[in-house]
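Since we're looking at a predicted model, the values are computed, not measured.
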Amino acid sequence: MSHMRHICRITEMSHSTLKTAITPRRDEDFPEWYQQVIRAAELAEPSDVRGCMVIRPWGYGIWENMQRQLDGMFRATGHRNAYFPLFIPLSYFAREAEHVEGFAKECAVVTHTRLEADADGKLKPGSPLSEPLVVRPTSETIIGASYAKWVQSYRDLPILINQWANVVRWEMRPRLFLRTTEFLWQEGHTVHETESEARGETRLILDLYERFVRDHLAIPVFTGAKSESEKFPGAVETLTLEAMVQDRKAIQAGTSHFLGQNFARASGIQFQNREGKQEFGWTTSWGMTTRLVGTLVMMHGDDDGLVLPPRIAPTQIVILPITAKEETRAAVLEACDKLAMGLRDSRYADFPVEVLVDRRDVGGGVKNWEWIKKGVPLRVEIGPRDLEKNAVEISRRDQAVKSKESMPMEEFVARAPEILRSVQDTLYARAKKFRDENTRVIDSKEDFYGFFTSKNPEKPELHGGFALAHWNGSREIEERIKNDLKVTIRVIPLDDSPEPGKCIFTGEPSQRRVVWAKSY
RNA sequence: CGGGGCGUAGCUUAGCUUGGUAGAGCGCGUGGUUUGGGACCACGAGGUCGGAGGUUCAAAUCCUCUCGCCCCGACCA
């Protein structure tokens with residue numbers, strides 16, 4: 001009899017151990033899991049406006065942290081913020097042919113001002129504009145118009161400006177954070193005296209971005225150039241950062257473009273050089289977007305929800321008072337506040353530690369799970385028993401949800417920054433390990449096709465990854481691989497160690513391996 | 001924009017084939033019992049079944065149109 005009961009309990013336990021906070025699991029249905037995490041973590045929700053989303057405080061808090069950190073890095077490298085119009089006169093936009101071709105299909109266009117009631121009392125657009133206005137999909141042309149006025153002499157250069165803004169791209173298939181009609185970003189736009197200086201800027205920003213995603217978002221990336229067919233419309237060269245998320249697809253985490261003199265010519269950005277001759281400026285542009293929030297979800301999230309790197313988490317430590325017994329409640333709450341104050345006095349990664357005491361009158365278990373789903377790096381429980389020992393129970397989000405460690409309160413206050421650092425490091429190491437395990441050096445066409453073909457076409461399992469393979473440099477091959485496998489060249493490494501070989505598709509000579517993958 | 005799927009309460013959904021104007025679980029509210037935990041009991045609020053038209057005595061259910069969402073494709077940060 002007691003034996004039976006014992007077995008039942010074990011069954012029950014293993015059942016609850018298997019239960020995950022997010023349904024479905026990542027391995028069951030990755031796209032659906034992604035959406036459920038965003039909802040469960042209260043990052044964002046679809047709005048009534050097709051393709052647009054509402055970014056909720058927790059999601060926006062992550063974006064604000066990204067802004068704060070990137071903004072500091074921009075300032076430290078001599079950039080300043082400014083703001084340019086949302087609307088771009090159609091004629092300005094039309095100035096750069098390749099640019100137009102690239103963006104025309106996704107432009108929202110304002111053609112009228114004012115609303116007027118018709119006979120039925122329905123509101124209709126009233127006066128047509130003499131010239132339609134394009135809602136910026138990117139701001140090269142409108143910013144270029146200002147730069148043309150500001151630049152007269154080489155002494156006016158360089159111009160190093162960034163803007164934080166929203167942009168609109170009328171995409172066909174929106175997905176929360178990854179591809180929405182309106183999104184938030186920063187766009188840097190610079191003008192330089194020489195080609196090499198502008199190329200240097202493009203590279204400087206690429207390195208800055210790489211540091212940012214590595215150190216703050218715990219995201220390892222491959223960097224390098226885009227192929228002709230993948231580069232920014234109007235750019236001479238596009239540098240990119242490519243990360244691998246947990247379904248092994250590539251996602252672009254940021255771009256930095258060397259625009260040559262294309263846009264300077266289009267906008268009339270001209271200056272008198274040191275020889276007294278008129279010359280077009282050399283421009284760059286570069287950006288990172290709210291897509292990074294989605295990247296973070298897919299990079300670190302698990303079957304219990306979001307997992308946030310401490311450096312980007314809006315709240316780094318949440319304190320959960322165990323106030324089960326009325327008679328100890330006040331003492332527990334007081335201890336929590338005291339602990340919070342102590343923690344806020346310490347610093348982690350240049351800022352005071354972000355601590356929240358969750359005093360809400362919500363069941364303890366529910367409360368705990370909410371914070372798990374939101375991905376808070378550290379959860380700290382304080383109950384009457386801990387009070388007696390002057391200790392706390394801490395749970396790290398990078399470890400199993402049930403795992404807890406007891407620690408003297410003093411020690412925890414002293415060690416909190418170190419523990420946060422450890423969580424941050426673990427997430428990076430884990431992501432890098434995953435990326436490396438799913439990156440293959442491939443030397444034959446057969447292996448290449450095998451790598452990117454699922455075993456079960458009906459319900460494709462997670463497969464593929466990054467393939468490092470030689471390529472003859474032709475657009476035709478890219479096109480064919482894209483058609484056959486939906487695989488594209490994500491990045492052509494810039495580096496230092498060219499490794500000559502033979503194109504695995506044609507046998508022609510190749511200077512270096514390039515990175516192939518399916519992508520977002 | 002092409003192919004597929006789906007719209008019933010905040011969420012997940014039953015009912016639809018064989019018409020008779022809605023049921024559940026979770027969540028929510030109140031009261032109580034609990035308390036190192038996604039607890040339990042009782043009571044309760046919440047749905048013009050995506051929208052419009054049609055067939056019918058009668059439509060969530062049948063027909064037509066329409067809107068939206070999701071997945072795959074083309075495109076993109």
Side-chain H-bond candidate by donor/acceptor type, A/Tyr520 with A/Asp247, under 3.5 Å:
yes
If you restrict it to nitrogen or oxygen atoms, what contacts under 3.5 Å exist between nucleotides 70-75 of chain B and the protein, and what is each distance?
{"residue": "B/C72", "atom": "OP2", "partner": "A/Arg173", "partner atom": "NH2", "Å": "2.3"}
{"residue": "B/C75", "atom": "OP2", "partner": "A/Lys482", "partner atom": "NZ", "Å": "3.0"}
{"residue": "B/C75", "atom": "O2", "partner": "A/Glu171", "partner atom": "OE1", "Å": "3.3"}

If the P atom of B/G25 is compared with that of B/A60, how far apart are they to the nearest Å?
23 Å
Write down the distance between CG (A/Asp358) and P (B/G38), rounded to a whole number of angstrom.
16 Å
A/Glu182 atom CD is separated from B/A77 atom P, nearest whole Å, by 17 Å
Among B/G36, B/A39, B/A77, which nucleotide has an atom closest to any side-chain atom of A/Thr289?
B/A77
Please state the C1' separation for the pair B/A14 and B/U8 - nearest whole angstrom.
10 Å
Expressed as a whole number of Å, how far does the C1' atom of B/C49 sit from that of B/C6?
14 Å
Residue whose nearest RNA chain B nucleotide is more 5′ - A/Thr255 or A/Ile322:
A/Ile322
Between A/Lys518 and A/His463, a side-chain donor and acceptor under 3.5 Å
yes
Considering only NZ, NE, NH1 and NH2 on the basic side and carboxylate oxygens on the acidic side, decide whether A/Lys105 and A/Glu171 come within less than 4.0 Å.
no
For A/Phe103, which residues count as a ring pair (Phe, Tyr, Trp, His ring centres under 6.0 Å) partner, sequence neighbours excluded?
A/His99, A/Phe232
Mark this stacking check for A/Trp185 against B/A77 as yes or no, applying ring centres under 5.5 Å and ring planes under 30°.
no
Distance between P atoms of B/C70 and B/C65 (Å, rounded):
24 Å
If you measure from the P atom in B/U64 to the same atom in B/U55, how many Å do you get, rounded?
15 Å
Kindly determine whether A/Thr255 and A/Thr238 satisfy side-chain hydrogen bond (donor to acceptor under 3.5 Å, both in side chains), including the steps that lead there.
CA-CA 7 Å; A/Thr255 49; A/Thr238 289; over 6 Å; no
Given B/C76, B/G37, B/G38, identify the nucleotide with an atom nearest to the side chain of A/Lys404.
B/G37
Atom-pair distance (CD1 on A/Ile382; P on B/U35), nearest Å:
21 Å
B/A9 and B/G50, which share atom name P, separated by this distance in whole Å
8 Å
So what does A/Ser395 hit on the nucleic acid, given a heavy-atom distance under 4.0 Å: a base, only sugar-phosphate, or nothing?
nothing
Can you name the salt bridge (charged side-chain N to carboxylate O under 4.0 Å, His left out) partners of A/Glu476, sequence neighbours left out?
none
Output the rounded distance in Å from CD1 (A/Ile205) to C1' (B/A77).
17 Å
Give me the ring orientation class for A/Phe74 and A/Trp286: parallel if the planes are under 30° apart, tilted from 30 to 60°, perpendicular past 60°.
tilted
Between P on B/U35 and CZ on A/Arg385, what's the gap in Å once rounded to a whole number?
12 Å
When rounded to whole Å, the CG to C1' distance for the pair A/Asp361 and B/G38 reads 16 Å
Is there side-chain contact between A/Thr190 and A/His79, with heavy atoms separated by less than 4.5 Å?
yes
Among side-chain atoms of A/Trp185 and A/Asn166, is any donor-acceptor pair under 3.5 angstrom?
no
Does a salt bridge link A/Asp302 with A/Arg397, judged by any charged N lying under 4.0 Å from a carboxylate O?
yes
Charged N-O contact under 4.0 Å between A/Lys249 and A/Glu242
no
Give the C-alpha distance, both sets of side-chain angles, the deciding distance and a yes or no for side-chain hydrogen bond (donor to acceptor under 3.5 Å, both in side chains) between A/Glu201 and A/Thr284.
CA-CA 7 Å; A/Glu201 168 79 4; A/Thr284 80; 4.5 Å; no
Roughly how many Å apart are B/C57 and B/U21, using the C1' atom of each and rounding to a whole number?
13 Å
For A/Ala21, answer base if it contacts any base atom (sugar-phosphate contacts may also be present), sugar-phosphate if it contacts only those atoms, and nothing otherwise; contact means non-hydrogen atoms under 4.0 Å.
base
Whole-Å gap separating P (B/U35) and CZ (A/Arg329)
14 Å
Does a side-chain N-to-carboxylate-O contact under 4.0 Å join A/Arg203 and A/Asp207?
yes
Along RNA chain B (nearest heavy atom to each residue), the more 5'-positioned of A/Phe232 and A/Gly51:
A/Gly51
Between B/G68 and B/G51, how many Å separate the two C1' atoms, rounded to a whole number?
10 Å
In dot-bracket notation, what is the pairing pattern of RNA chain B, taking Watson-Crick (N1-N3 plus N6-O4 or O6-N4) and G-U wobble (N1-O2 and O6-N3) contacts under 3.5 Å, with [ ] crossing and | for other strands?
((((((((.[[[[.)....(..]]]].((((((.....)))))).....[[[[[..)....]]]]])))))))....
Just the rounded figure in Å: distance from C1' of B/A77 to NZ of A/Lys231.
17 Å
If you measure only the distance, is there a donor-acceptor pair under 3.5 Å linking the side chains of A/Gln252 and A/Ser519?
no
Taking A/Lys373 first and then A/Glu370, would you say they form a salt bridge - that is, a charged N and a carboxylate O separated by under 4.0 Å?
no
Quick test: give all pairs of protein nitrogen or oxygen and nucleotides 4-11 of chain B nitrogen or oxygen below 3.5 Å, distance rounded to 0.1 Å.
{"residue": "B/C11", "atom": "O3'", "partner": "A/Arg39", "partner atom": "NH1", "Å": "3.2"}

When we call it a touch if two heavy atoms are under 4.0 Å apart, what does A/Gly383 touch: a base, just sugar-phosphate, or nothing?
base
Could you tell me whether A/Leu292 contacts a base, only the sugar-phosphate backbone, or nothing, with contacts defined as non-hydrogen atoms closer than 4.0 Å?
nothing
Enclosure of A/Tyr92 OH (heavy-atom neighbours >12, cutoff 6.0 Å):
no
Which residues within residues 210-221 of chain A lie with some heavy atom under 4.0 Å of an atom in RNA chain B?
none
